[in-house]
Each structure stands twice: as C-alpha cells, then as structure tokens.
Visitor: 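Mind having a look at this structure? Questions to follow.
In this text the structure is predicted, and so the values were computed from the model without any measurement. For the numbers below, each heavy atom of this structure counts, side chains included, while hydrogens, waters and symmetry mates do not.
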Amino acid sequence: MTSVSSVSGADTTSLPRPEYPRPQFVRPDWLCLNGSWQFETDPGDSGLERGLCERELMSRITVPFCPESALSGIGETDFLEAVWYRREFTVPPEWAGRRALLHFQAVDHDTTVWVNGREVARHRGGFTPFTADLHGVAEPGTRAVVVVRARDTRHGPQARGKQATWYGNTGCHYTRTTGIWQSVWAEPVPHTHLRRPRVTPDLAGAAFHLEVPLSANRRGQHLVAELRDADGVVCSARTRADLDLTPRLTLAVPPDRVRPWSPSDPYLYDLRLELRDGDDEVVDAFDSYAGLRSVSVDGTSLRLNGEAFFQRLVLDQGYYPDGVMTAPDDGALVRDIELGLAAGFNGARLHQKVFEERYLYHADRLGYLLWGEFGDWGAKVEGPRTDLQRPDASFVAEWLEAVARDYSHPSVVGWCPLNETHQVLHDRLTGLDDVTTAMFLATKAADGTRPVIDASGYAHRVPFTDVYDSHLYEQDPARFAAAMAPLAEGRPYTNTEEDGTAWSVAYRGQPYFCSEFGGIRWNPDRTSSDDSWGYGEAPRDEEEFYTRFEGLTGALLADPLMFGYCYTQLTDVHQEQNGLYTFHRGRKLDVARLRAAQLRPAASESKDA
C-alpha cells in the first residue's frame with residue numbers, strides 16, 4: 001500500500017501534526033497551515049461589530065490544538081462563546097492554472113471563514129471537515145489573509161459529545177473543545193477535478209465498485225481506475241465522465257489476486273484514479289487504497305467475510321491530557337490502537353466523537369474493527385421525562401457528513417448515530433422519535449453495506465434497527481450473567497427507567513450485544529482523597545480486578561447469541577479511573593492477563609464450526 005505519511009508540498013518538519021490529513025484521497029501537492037496563528041477570545045460574540053475581521057488579533061495559538069488544551073499555548077478552560085483566528089500565507093505560485101482549496105478538518109462548532117475580506121465558507125458542526133474554494137479570492141502567487149470565527153455556545157441543543165456545559169470536569173463529562181482542533185491545509189486542483197469517491201467492496205463478486213463525483217462533467221473526459229497489489233497491476237477500468245453526474249466504475253479482481261481484508265490479514269490494495277481529457281492526458285488524479293471485505297447478518301449472527309466473528313471491542317473516547325480531543329502527534333493514534341490490540345481487543349467503539357481520518361487509516365492497515373459513532377450528547381433539555389431529548393436537524397446533517405467522509409474505510413463495520421438518548425416511550429411521537437428515525441434511515445440510504453444501530457443502549461425507537469443492544473455496568477459477574485441470560489428466550493436485557501418504564505421498542509430478534517459493560521474502577525496509586533470515578537466498588541486488590549474482568553467478559557463470550565461486546569474503557573479520562581491504561585497511556589494492569597481472558601473461544605463462533 002502506498003505510504004501517505006510523507007506526501008507533502010512543503011517542508012513540514014517543524015509544524016505540529018504535519019502529516020497528510022486525508023489518507024484515502026491523496027494528491028501530491030499540498031500546504032500544511034498548522035502552526036502559529038493569531039488568536040483572540042470574544043466573550044460577548046461581538047467581534048464582527050468590533051472589527052475583529054479586519055484587524056490584527058491580540059494573542060497567538062498553536063493550530064490545530066484547541067485553546068482549552070496545553071498544546072495550544074493558551075490553556076483556557078473557561079467557557080469561550082466565540083473565538084477568532086487570523087493567518088496570512090502565500091498561495092504557492094507553482095499552483096498557477098489551478099484553483100486553491102482551503103480545508104478545515106474540524107472546527108467546533110459554528111464556523112465562518114473570510115479570506116481577503118470575503119466570506120468563503122460557513123459550517124455548522126464540530127466533528128466534520130469542510131472546504132472553501134479560493135478561486136477568484138486568492139490566486140496562486142498572491143497573499144491570502146484567512147480569518148476564522150468559531151462560535152461554541154453551551155446553551156441549547158448541540159452535538160457536543162462529552163464536552164461539559166458546566167465549568168469543571170465531572171463524572172463522564174470533560175473539558176470543552178472550541179474552535180480549530182484538527183489540521184488546516186490547502187491544495188491545488190484543476191478547474192474540473194475529482195471529488196471524494198465512494199469505494200464499495202464486493203467480496204461475493206470479487207470486485208470494487210467506485211462512485212466518483214466530479215466538479216463538472218466535461219465533454220470528452222473519462223475516468224481511469226487502476227488497482228494494484230504487491231505484484232503490480234491487478235485490474236483496471238475506464239468509463240466516460242461526461243454522461244452521468246457521478247460516474248461509476250467496477251474493478252473486477254481476478255480469482256488468483258483476491259485477498260480479503262480481515263483483522264488477521266488487513267490487506268489493502270493500492271488504488272489510483274485519473275480524470276483524463278479527449279487526448280488521454282491526465283487532468284486530475286489521486287491515490288487511495290481499498291480493502292476487500294464483507295459484513296452481513298444471519299439471524300442473530302453478525303458476520304465478517306461470511307464467517308461468525310466475535311467482536312471484542314473496547315470503548316475509546318479519544319481524549320489526551322495535553323491535547324483534549326486532538327492527539328499530540330500521529331504516533332499517539334497508532335499507540336492507542338496498539339494498546340487495544342495488546343489487551344486482546346480486535347476493535348473499538350469510537351465513543352461520542354468522530355475521530356480524525358488518520359486514526360481510521362491506521363485502523364485499516366492494522367486490522368482494527370471500528371464502530372463509527374456521532375458525538376450526539378448535548379440534545380438533552382430540561383423537561384418531562386417524556387420529552388427530554390431534542391436533537392435538531394443539524395444532528396442529521398453533520399452525521400451524514402461523517403458517514404460520507406468515512407464510507408470507504410474497511411475497518412468500519414457498523415454505524416451508531418445516537419447513544420444513550422434516554423427518554424420514556426409513550427403513545428405520542430416526539431422530536432427524538434423523528435430524529436432517531438431520520439438518522440437511521442439517512443444512514444441506511446447513505447450506506448447499504450453496514451449494519452446500523454439506531455441508538456446505542458437506552459432508547460431504541462426504530463423497530464427495524466439492524467442491531468439491538470444494551471448497556472449494563474453490574475459489577476458482580478454472576479448477577480451480570482443472570483441479567484444477560486434471558487436473551488436465549490428472546491427477552492434480552494434492556495435499559496429502562498429505575499421503575500421499569502420502557503425507553504425502547506420491543507426486541508425483534510436482531511443481532512444483539514452488550515455495547516457497554518465493565519468500567520471497573522481501578523487506580524493502584526489511589527488515595528482516599530482522590531476525586532476519581534468508576535462503576536461500582538473498586539476491587540480490593542489487583543487480583544480481584546482480574547477475577548471480575550474474567551467473569552464479566554466470560555459471561556458474554558459464553559453466550560452463543562452474543563455477537564460481541566464493548567468493554568469500558570481503553571484509558572482513564574481525567575477523573576474517570578476505569579480505563580485499562582492510565583490517561584497518559586501508562587501501565588495499570590498485567591496486559592497479558594487481560595488478553596488471555598478475552599481470547600478464550602467465543603460460543604457464537606464455535607457454534608459455526
């Protein structure tokens with residue numbers, strides 16, 4: 001597979017997070033704009049009226065780290081209603097004849113961008129990328145003055161994930177992220193150019209199906225796709241690019257070159273796409289990669305490449321002591337996956353955050369299964385328990401942006417648009433019912449290749465959801481096993497109000513798993529004054545931790561109707577001391593024992609044998 005770590009249009013050795021941000025859609029020319037930017041807070045959100053768009057700003061910040069983080073050089077953890085950024089750069093003159101695109105990988109939450117005094121972009125949502133076209137605003141060889149305003153109120157419904165709407169870190173809510181928190185960069189593209197493709201693996205047909213949107217359909221142009229493996233060209237395909245709005249290609253893989261992607265063999269083919277003109281000259285091109293694998297449902301079994309495969313997942317929240325939601329470097333992303341693999345997990349549930357693209361790239365190449373999730377927390381409002389959750393249209397819009405971004409990653413095996421949207425089920429439909437159904441149906445329309453769970457735990461509102469689950473933090477293994485046992489009778493454990501009032505529609509025999517459990521509180525260095533948090537009573541000693549861990553995981557591994565589980569969690573996060581590693585990714589436990597406990601045979605796999 002082609003390396004994307006070294007692709008660069010400039011010397012990036014001295015910049016923070018200098019690696020190419022978009023590994024599945026790689027062009028050779030680009031400019032990293034991370035580093036020192038002018039910065040100013042705007043507590044009253046009056047900056048536009050006060051002229052912040054036109055003048056120099058008062059302090060400096062290191063992008064792409066948010067101002068709440070230590071790595072940003074600011075470290076302000078109080079509420080930031082609005083913040084402003086300013087940066088000047090020269091659009092490289094060698095980009096002449098092309099148009100410059102300015103990319104923001106993620107800015108939290110409502111963003112407006114001006115370049116040379118002209119508004120070029122608006123975007124709502126803190127987790128997904130957006131782009132400004134600088135054609136006619138900043139041409140190659142000229143200066144571009146970029147000004148960014150990011151608004152991030154703590155009031156009203158907003159997809160925040162685990163960001164606290166009160167001052168301090170408490171329970172399972174953490175320091176906020178405001179403004180730019182992923183890479184900013186620019187690239188040149190031809191006036192007619194390729195846009196992000198959708199690559200769909202077809203293991204049954206031994207093929208990849210490509211959908212390639214274009215900026216325009218020009219007469220005489222055509223698309224050429226080429227798939228390569230370690231032995232050279234596997235296959236190629238060509239189609240006209242001037243007939244269909246989104247041209248489609250199929251790359252048929254010869255039988256002797258078929259190599260399925262799996263956790264035990266995460267094989268990735270190299271993929272190149274070219275847009276050519278009537279003289280067969282290349283107009284635009286990019287490099288990518290693809291993994292050939294399938295996900296399917298057979299009764300209560302969730303299958304990978306046609307085989308029952310027990311998903312030993314770990315909850316990963318993607319927080320860092322010095323970067324908040326931004327990894328300090330690319331190696332930290334790799335390290336988190338390696339920590340999960342070392343402890344016996346074969347994947348992760350990416351919890352309450354849309355992880356940056358490079359994390360998914362590393363999961364692809366390391367064979368680490370992922371469930372993509374939206375950071376939907378923030379929809380809860382004060383009100384009756386029958387109408388507590390009020391997600392709005394922005395939840396649907398941003399989630400679809402996330403699905404479109406991550407569609408082609410083979411490591412992603414399922415989608416989870418909502419999490420723990422607890423609300424009493426009654427005889428009137430609410431906004432939660434509407435948005436849950438909308439997010440489920442929109443996900444299915446955007447991707448028919450992966451299972452979708454309407455809401456992880458708590459309020460399942462879609463009767464035909466692909467997957468059903470629950471969250472249970474019972475710490476006694478025997479009681480935990482007893483709570484899970486009725487699955488054999490078609491009556492799985494479900495989350496309810498304390499008095500038993502239902503949150504969810506009835507289970508209909510879908511594949512089922514316990515998608516949050518464990519959370520065992522453990523800090524070997526804890527003192528009685530520590531303000532730490534975890535589920536249940538902390539074990540008296542390390543040996544008791546292993547006994548509890550083995551009992552809880554064993555109960556789920558022994559259930560032939562359980563297709564997987566997700567243990568809470570990979571690392572401690574601030575006051576949450578229920579991770580298997582410390583917040584700084586240090587050792588807490590004997591990883592070999594954790595691994596041995598998990599790698600016992602799973603009943604759902606052995607019943608296939």
Visitor: Nearest heavy-atom pair of Leu552 and Ile520: which atoms, and what distance?
Guide: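 The answer is CD1-CD1, 4.2 Å.
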Visitor: Sequence neighbours excluded, which residues qualify as salt bridge (Lys or Arg N to Asp or Glu O under 4.0 Å) partners of Arg600?
Guide: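 So Arg600 forms no salt bridge (Lys or Arg N to Asp or Glu O under 4.0 Å) with any residue.
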Visitor: Would Phe310 and Phe563 count as a close aromatic pair, with their ring centres under 6.0 Å?
Guide: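 Distance test on ring centres: not under 6.0 Å, no.
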Visitor: Does one side chain, of Asn578 or Glu576, offer a donor that lies under 3.5 Å from an acceptor on the other?
Guide: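 Asn578 vs Glu576: donor-acceptor pair found between side chains.
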Visitor: Can a salt bridge be assigned to the pair Glu544 and Arg548 using a cut-off of 4.0 Å between side-chain N and carboxylate O?
Guide: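 Salt bridge between Glu544 and Arg548, a charged N being under 4.0 Å from a carboxylate O: yes.
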Visitor: Parallel, tilted or perpendicular, judged at 30° and 60°: which one describes the rings of Trp503 and His422?
Guide: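 Ring orientation of Trp503 relative to His422: tilted.
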Visitor: Determine whether the side chains of Tyr473 and Thr568 contain a donor N or O and an acceptor N or O closer than 3.5 Å.
Guide: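 Tyr473 vs Thr568: donor-acceptor pair found between side chains.
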Visitor: Just checking, is any N or O donor in the side chain of Thr494 or Ser504 under 3.5 Å from an acceptor N or O on the other one?
Guide: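 Note: Thr494 and Ser504 side chains miss the donor-acceptor criterion.
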Visitor: For Ala206 versus Val258, what's the shortest heavy-atom pair and its separation?
Guide: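 Nearest heavy atoms, Ala206 then Val258: CB-CG2, 3.9 Å.
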Visitor: Using only atom types and a distance under 3.5 Å, with no angle test, would you say the side chain of Tyr581 pairs donor to acceptor with the backbone of Leu339?
Guide: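 Pair found, side chain donor or acceptor close to backbone of Leu339.
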Visitor: Hey, does the Lys NZ or Arg CZ of Arg176 hover above the aromatic six-ring of Phe79, less than 6.0 Å from the centre and inside 45° of the axis?
Guide: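 Yes, a cation-pi geometry holds between Arg176 and Phe79.
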Visitor: Tell me yes or no: between the side chains of Thr430 and Gln423, is some donor less than 3.5 Å from an acceptor?
Guide: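 Yes - a donor-acceptor pair under 3.5 Å links their side chains.
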Visitor: Does Gly126 offer a backbone N or O that forms a donor-acceptor pair with the side chain of Glu398 under 3.5 Å?
Guide: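 Flag set: sc Glu398 to bb Gly126 pair under 3.5 Å.
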Visitor: Quick one: pull up OG1 in Thr465 and CD1 in Ile453 and give me the separation to the nearest 0.5 Å.
Guide: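 Here the interatomic distance stands at 5.5 Å.
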Visitor: To the nearest 0.5 angstrom, please state how far the CG atom of Leu366 sits from the OH atom of Tyr361.
Guide: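 If I round to the nearest 0.5 Å, the distance is 9.0 Å.
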Visitor: Side chains of Arg198 and Thr246: donor-acceptor distance under 3.5 Å anywhere?
Guide: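 Judged by distance alone, the side chains do not pair up.
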Visitor: Distance alone, cut at 3.5 Å: any donor-acceptor contact between the side chains of Asp316 and Gln569?
Guide: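 No donor-acceptor contact under 3.5 Å links the two side chains.
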Visitor: Closer than 3.5 angstrom, by distance alone: can the side chain of Gln317 be matched with the main-chain N or O of Val573 as a donor-acceptor pair?
Guide: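 Flag not set: sc Gln317 to bb Val573 has no pair under 3.5 Å.
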Visitor: Just to verify, what does Asp336 make a salt bridge (Lys or Arg N to Asp or Glu O under 4.0 Å) with, not counting sequence neighbours?
Guide: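 With neighbours one apart ignored, the set is Arg585.
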Visitor: What residues form a side-chain contact (heavy atoms from CB on, under 4.5 Å) with Asp110, not counting sequence neighbours?
Guide: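 For Asp110 the side-chain contact (heavy atoms from CB on, under 4.5 Å) partners, ignoring immediate neighbours, are Arg124, Arg151.
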Visitor: Have Asp559 and Ser604 got a donor and an acceptor in their side chains that come within less than 3.5 Å?
Guide: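 Note: Asp559 and Ser604 side chains miss the donor-acceptor criterion.
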Visitor: Would you kindly say whether His109 and Gln163 are connected by a side-chain donor-acceptor distance under 3.5 Å?
Guide: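 Gln163 and His109 do not have a side-chain donor-acceptor pair below 3.5 Å.
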Visitor: Within 45° of the axis and under 6.0 Å from the centre of the six-membered ring of Phe25, does NZ or CZ of Arg196 qualify?
Guide: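 Relative to the ring axis of Phe25, which defines the angle, Arg196 lies outside at least one limit.
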Visitor: Taking side chain as C-beta onward, heavy atoms only, is Tyr319 less than 4.5 Å from Thr571?
Guide: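 Not in contact.
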Visitor: Going by distance alone, is a donor N or O of one side chain under 3.5 Å from an acceptor N or O of the other, for Tyr407 and Thr200?
Guide: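 The criterion, which ignores hydrogens and geometry beyond distance, is satisfied for Thr200 and Tyr407.
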Visitor: Give a yes or no answer on whether the side chain of Arg160 reaches the backbone of Arg154 with a donor-acceptor pair at less than 3.5 Å.
Guide: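 Yes.
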Visitor: Measure from the side-chain N and O atoms of Gln475 to the backbone N and O of Gly518, and report whether any donor-acceptor pair falls under 3.5 Å.
Guide: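 Flag set: sc Gln475 to bb Gly518 pair under 3.5 Å.
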Visitor: Heavy-atom distance under 4.5 Å between the side chains of Thr128 and Arg405, does that happen here?
Guide: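 No, too far: nothing below the 4.5 Å cut-off.
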Visitor: When the ring planes of Phe374 and Trp399 are compared, do they come out parallel, tilted or perpendicular, using 30° and 60° as the limits?
Guide: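 Ring orientation, 0 to 90° scale: tilted.
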Visitor: Could you list the residues that satisfy side chain to side chain donor-acceptor pair (under 3.5 Å) with Glu543, not counting sequence neighbours?
Guide: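 With neighbours one apart ignored, the set is Arg593.
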Visitor: Just to verify, what does Lys353 make a salt bridge (Lys or Arg N to Asp or Glu O under 4.0 Å) with, not counting sequence neighbours?
Guide: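 In terms of salt bridge (Lys or Arg N to Asp or Glu O under 4.0 Å), with neighbours along the sequence ignored, Lys353 is linked to no residue.
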Visitor: For a quick check under 3.5 Å, do Glu357 and Gln105 share a side-chain donor-acceptor pair by atom type?
Guide: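 Yes.
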Visitor: Is the closest side-chain heavy-atom distance between Pro157 and Val381 below 4.5 Å?
Guide: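 Side-chain contact under 4.5 Å: yes.
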Visitor: How close do Leu292 and Ala207 get, counting heavy atoms only, and between which atoms?
Guide: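 The answer is CD1-O, 3.5 Å.
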Visitor: For the side chain of Gln577 and the backbone of Thr582, is there at least one donor-acceptor N/O pair under 3.5 Å apart?
Guide: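 No; judged by distance alone, with no hydrogens or angles, the pair does not exist.
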Visitor: Using the test ring-ring contact (aromatic ring centres under 6.0 Å, His included), find all partners of Trp377 that sit at least two apart in sequence or belong to another chain.
Guide: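 Trp377: ring-ring contact (aromatic ring centres under 6.0 Å, His included) contacts with His173.
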Visitor: Go through the structure and list residues passing side chain to side chain donor-acceptor pair (under 3.5 Å) with Lys444, not counting sequence neighbours.
Guide: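 If we apply the side chain to side chain donor-acceptor pair (under 3.5 Å) test to Lys444, skipping adjacent residues, the hits are Asp466.
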Visitor: Strictly distance-based, threshold 3.5 Å: is any side-chain N or O of Gln352 a donor or acceptor partner for the main-chain N or O of Asp376?
Guide: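 Yes; judged by distance alone, with no hydrogens or angles, the pair exists.
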Visitor: Does His409 have any ring-ring contact (aromatic ring centres under 6.0 Å, His included) partners at least two apart in sequence or in another chain, and if so, which?
Guide: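 Listed in chain order: nothing, the list is empty.
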Visitor: When Tyr565 is tested against each of Trp371, Tyr512, Phe517, Phe345 for ring-ring contact (aromatic ring centres under 6.0 Å, His included), which residue passes?
Guide: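 Filter result, single survivor: Phe517.
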Visitor: Does Ser301 reach the main-chain N or O of Arg303 with its side chain, forming a donor-acceptor pair under 3.5 Å?
Guide: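 Flag not set: sc Ser301 to bb Arg303 has no pair under 3.5 Å.
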Visitor: Indicate the ring-plane relationship of Phe545 and Phe549, choosing parallel, tilted or perpendicular according to the 30° and 60° boundaries.
Guide: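 Aromatic pair Phe545/Phe549 classed parallel.
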Visitor: Got a sec, which pairs hit salt bridge (Lys or Arg N to Asp or Glu O under 4.0 Å) with one end in residues 406-420, sequence neighbours left out?
Guide: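 Not a single pair qualifies under salt bridge (Lys or Arg N to Asp or Glu O under 4.0 Å).
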Visitor: OH of Tyr368 to CD1 of Ile337: how many Å apart, nearest 0.5 Å?
Guide: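 Answer for the OH-CD1 pair, Tyr368 versus Ile337, is 7.0 Å.
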Visitor: If you take all heavy atoms of Pro492 and Tyr507, which pair is closest and at what distance?
Guide: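 Closest pair (atom of Pro492, atom of Tyr507, distance): CD-CD2, 3.3 Å.
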Visitor: Taking salt bridge (Lys or Arg N to Asp or Glu O under 4.0 Å) as the cut-off, I'd like each qualifying pair that reaches into residues 486-496, sequence neighbours left out, listed once.
Guide: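 Qualifying pairs: Glu489-Arg491.
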Visitor: Hey, which of Val107, Thr326, Asp108, Thr177 is the one that makes side-chain contact (heavy atoms from CB on, under 4.5 Å) with Cys66?
Guide: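 The residue from Val107, Thr326, Asp108, Thr177 that satisfies side-chain contact (heavy atoms from CB on, under 4.5 Å) with Cys66 turns out to be Thr177.
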Visitor: Which salt bridge (Lys or Arg N to Asp or Glu O under 4.0 Å) pairs, counting each pair once, include a residue from residues 449-464, with sequence neighbours left out?
Guide: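 Salt bridge (Lys or Arg N to Asp or Glu O under 4.0 Å) check on residues 449-464 returns Asp433-Arg461, Asp447-Arg450.
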Visitor: If I take atom OH from residue Tyr468 and atom OH from residue Tyr493, how far apart are they, to the nearest 0.5 angstrom?
Guide: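 It is 11.5 Å, given to the nearest 0.5 Å.
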Visitor: Quick one about Ser411 and Asp364 (side-chain donor to acceptor, distance below 3.5 Å, no hydrogens or angles considered), yes or no?
Guide: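 Yes, Ser411 and Asp364 have a side-chain donor paired with an acceptor closer than 3.5 Å.
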Visitor: Checking the side chain of Tyr567 only, and the main-chain atoms of Arg312 only, is there a donor and an acceptor separated by less than 3.5 Å?
Guide: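 No, the answer is negative, given that no donor and acceptor are paired below the 3.5 Å cut-off.
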Visitor: Quick one, Trp522 and Lys588 - any side-chain contact, counting heavy atoms below 4.5 Å?
Guide: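 The answer is yes; the side chains approach within 4.5 Å.
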Visitor: Counting distance only, does the side-chain N/O of Arg293 pair as donor-acceptor with the main-chain N or O of Pro410 below 3.5 Å?
Guide: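 The answer is yes, because a donor-acceptor pair under 3.5 Å joins these two groups.
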Visitor: Can you tell me if His460 and Asp469 form a side-chain donor-acceptor pair at under 3.5 Å?
Guide: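 Yes, because at least one side-chain N or O of His460 sits under 3.5 Å from a partner of the opposite role on Asp469.
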Visitor: How many angstroms lie between atom SG of Cys172 and atom NE2 of His574, to the nearest 0.5 angstrom?
Guide: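 Result: 12.5 Å between the selected atoms.
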Visitor: Got a second to check how far Leu313's CG is from Cys566's SG, nearest 0.5 Å?
Guide: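 Here the rounded value is 5.5 Å.
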Visitor: List in chain and number order the residues that pass salt bridge (Lys or Arg N to Asp or Glu O under 4.0 Å) with Glu68, two or more places apart in sequence or in another chain; answer none if no residue qualifies.
Guide: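 Here no residue qualifies.
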